[in-house]
Every structure is written in C-alpha cells, then in structure tokens.
A.B. asks: 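Sharing a structure with you now.
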Amino acid sequence: MARANAAYYARPDPLGGFTTAPEISQVFGELLGAWAAMAWQAMGAPADAILAEAGPGRGTLMADARRVLLRAAPGLAATVHLVETSPSLRARQASVVPGAVWHDRLEDVPDAPLVLLANEFLDALPIRQCVRRGAGWVERHVADGAFVEVPCAAPPTMEAGEGDVVEWSDVARAMVRWLAARIVAQGGVALIIDYGPEQSAAGDSLQALRDGQPADPLSDPGTADLTAHVDFQALAGVARGAGAAVQGPVAQGVFLTRLGLFERSRALARTQAGAQAGALMQAAQRLAEPHLMGRLFKAMAVCHPALPPLPGFAA
Ligand code: SAH
C-alpha cells in the first residue's frame with residue numbers, strides 16, 4: 001500500500017479526480033487558518049512557533065489558511081513547513097504557498113512549538129489487515145496480484161467474530177505517537193481531520209479510487225489512490241499513552257459549524273454573483289450535512305496537556 005500510494009502520488013496530478021474539503025470550499029481552509037491562530041493564542045503566542053501541514057495535496061488548504069493567518073497571526077504564518085513526499089505535488093504547492101519549506105518526514109520539521117494541520121493525510125498511510133479464522137488469526141498479504149492469508153499473532157485488541165477483518169496502521173500509530181511526544185516536550189497542537197468511525201470497529205475499509213471511481217485495490221498498483229478509514233479511538237489512545245491530551249473527535253459538520261462555516265459562507269456569498277453565491281452555500285452543506293461529509297469525517301486535536309478546550313471541540 002505504501003509503495004502503490006508513493007507511485008500514485010508521484011503522478012503529474014494525482015488529486016485531479018478528487019474533491020477533498022479544501023477543494024470544495026475556500027471557507028474550509030480559512031476556518032482552519034482562524035482555528036490555528038486561536039490555538040496559537042491559547043499556546044501563549046510563542047514567537048518561535050512553527051506552522052506545518054502534513055500531506056498538503058494541491059496546497060489549497062494552506063493557501064486559504066495562510067490568507068487568514070497573515071492578518072490574524074502574522075508571526076505564525078511567517079514560514080510554512082510542508083511534509084510532502086510527492087515531487088509533483090511539491091511543485092503544485094510551491095505555486096500557491098510561496099516560500100514554504102518542504103520535508104519528507106514529519107520528524108524533519110524543526111524543533112519548536114508546533115501548530116500542525118493534517119486533512120485526509122492519515123487515510124493514505126498503509127494499513128495491515130488480519131482476519132479471524134477459528135481460534136486463530138491470519139494476516140492478508142499480497143502475492144502475485146492477489147490476497148493470500150498467512151497465519152499471524154492476534155492483532156491489537158478489538159471485538160471480532162469469525163471471518164471479521166481487523167485493520168490497523170502501524171505507520172499512523174507511530175506518527176501519532178511521535179507527534180504526541182514531541183508536542184508534550186515542545187508544546188503545540190496537531191489538528192487531524194479524516195474519515196472513519198468514532199469507535200474502533202472490525203471491517204474492511206480498504207478502498208481504491210481511480211479517476212474518482214471505485215476500483216479493485218490490487219489492479220494496476222500505483223494508478224489508484226488507496227485509502228482506509230482512520231481509527232480515531234486507537235490513535236487517541238496512542239496519543240494519550242505518549243502523555244498528550246486529546247480533544248474530540250467530533251463530527252466535521254459539528255466542528256465546522258461551531259467555527260462559523262455557515263456565517264462565513266453567507267458573508268462571502270453576499271459578495272458574489274448569484275450562481276457563485278449558491279455554489280458557496282451548497283459547498284458548505286456538502287461539508288457539514290451528516291449524510292454528505294459532515295458525519296463520517298471527524299476532527300481530533302492532539303494537544304499539549306496545558307491547553308484549554310480549543311474552538312470547535314467545546315459546545
Ligand atoms: N490534504 C490534502 C490532500 C490529501 S491526499 C487535501 O485535503 O486536499 C494525501 C496527501 O498526503 C498527498 O499530498 C500525498 O502526496 C501525501 N502523502 C501521502 N503519503 C505520504 C507520506 N508517507 N509522507 C508524506 N506525505 C504523504
């Protein structure tokens with residue numbers, strides 16, 4: 001999965017067929033920029049704080065967030081650190097986030113209090129899948145283009161019956177553990193927005209999208225985007241285990257509505273011609289409505305334990 005996605009994201013415009021939240025409405029990135037400014041204030045507005053994003057895609061989120069930040073928290077917006085492995089996406093990001101600094105790995109972001117944004121990043125990281133078979137477990141491996149089952153030890157605990165698939169991501173867990181420990185030591189916060197259930201649950205969520213259409217995950221590796229649900233409950237446990245505090249997860253619709261999604265969209269719509277105004281309000285609904293992106297997507301913050309409840313997480 002890691003190799004297939006690395007090949008996929010290295011293609012010229014891997015996100016061409018997608019509509020992630022920042023591509024749906026500029027208000028998404030603007031609200032996250034305002035959130036970052038308030039989180040930074042809550043941290044005591046440290047002058048050396050670093051603004052970073054993991055998996056910035058086309059750079060749209062950071063470009064929108066930064067417009068807000070340059071007014072609300074110019075100190076924080078001075079230098080932007082982007083964690084991105086794809087050369088083609090780096091080039092795209094450079095055109096909309098001038099002066100950014102790139103890193104291959106989260107661990108390469110320089111030491112300092114941190115404000116990190118990560119939208120639809122963790123779902124792209126490789127997962128493992130085990131299947132309950134009788135008294136034991138098998139792990140799904142890929143050989144000659146097909147799944148094969150190899151006996152394995154019991155996976156991290158989760159309720160599972162005969163034939164159930166249990167998924168987890170060692171890579172995501174290691175990243176969150178590292179991030180939490182860093183935030184405890186150096187201060188800061190990481191805002192994670194992604195899709196997945198609130199409670200850990202058995203089930204096969206591996207998904208392939210080719211040109212925006214569902215595809216077989218094993219056909220033509222590197223030509224489709226592979227993703228899996230993010231296990232927020234497990235990752236919250238990992239972060240707390242490393243000493244960090246966790247706020248949320250809350251449903252994206254609730255989070256964005258609390259941050260003023262509809263007020264901001266309406267204000268912007270008033271400055272636009274009819275069709276564009278309508279599109280802005282429709283985009284807000286798409287992000288917030290429970291049957292669209294509002295419920296499956298969640299927001300969760302991994303925080304230094306001294307931080308107060310942050311906007312969007314407190315009712
Ligand atoms: N956040 C963007 C794009 C999400 S797609 C949006 O909301 O539109 C996932 C992003 O993560 C892409 O930019 C991809 O190149 C990057 N990515 C995937 N795996 C990565 C890894 N292991 N390390 C760094 N970046 C990675």
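Just so you know, these numbers use all the heavy atoms, side chains as well, and skip hydrogens, waters and symmetry mates. Every number for a ligand or one of its atoms is a count from 1 in the order of the listing. Remember, it's a predicted structure, so these values are computed and weren't measured experimentally.
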A.B. asks: Is L89 close enough to touch ligand 1? Criterion: a residue heavy atom under 4.0 Å from a ligand atom.
C.D. replies: yes
A.B. asks: Please say whether G55 places an N or O atom under 3.5 Å from an N or O atom belonging to ligand 1.
C.D. replies: yes
A.B. asks: Short list, please: which atoms of ligand 1 are under 4.0 Å from a heavy atom of T85?
C.D. replies: 20 (C), 21 (C), 23 (N), 24 (C), 25 (N), 26 (C)
A.B. asks: N/O to N/O below 3.5 Å, does that happen between G57 and ligand 1?
C.D. replies: yes
A.B. asks: Hey, is T20 touching ligand 1 through its side chain, its backbone, both or neither, going by heavy atoms under 4.0 Å?
C.D. replies: side chain
A.B. asks: Polar-atom distance check: E84 versus ligand 1, any N or O pair below 3.5 Å?
C.D. replies: yes
A.B. asks: What atoms of ligand 1 come closer than 4.0 angstrom to any heavy atom of P22?
C.D. replies: 6 (C), 7 (O), 8 (O)
A.B. asks: Within less than 4.0 angstrom of ligand 1, does L125 place any heavy atom?
C.D. replies: yes
A.B. asks: Hey, is ligand 1 close enough to E23 that some N/O pair sits below 3.5 Å?
C.D. replies: no
A.B. asks: Pick out which of V109, V184, L114 makes a side chain to side chain contact (heavy atoms under 4.5 Å, CB included) with L179.
C.D. replies: L114
A.B. asks: Can you say whether the rings of H103 and H81 are parallel (under 30°), tilted (30 to 60°) or perpendicular (over 60°)?
C.D. replies: parallel
A.B. asks: Are any of the N/O atoms on E120, whether in the backbone or the side chain, positioned under 3.5 angstrom from an N/O atom of ligand 1?
C.D. replies: no
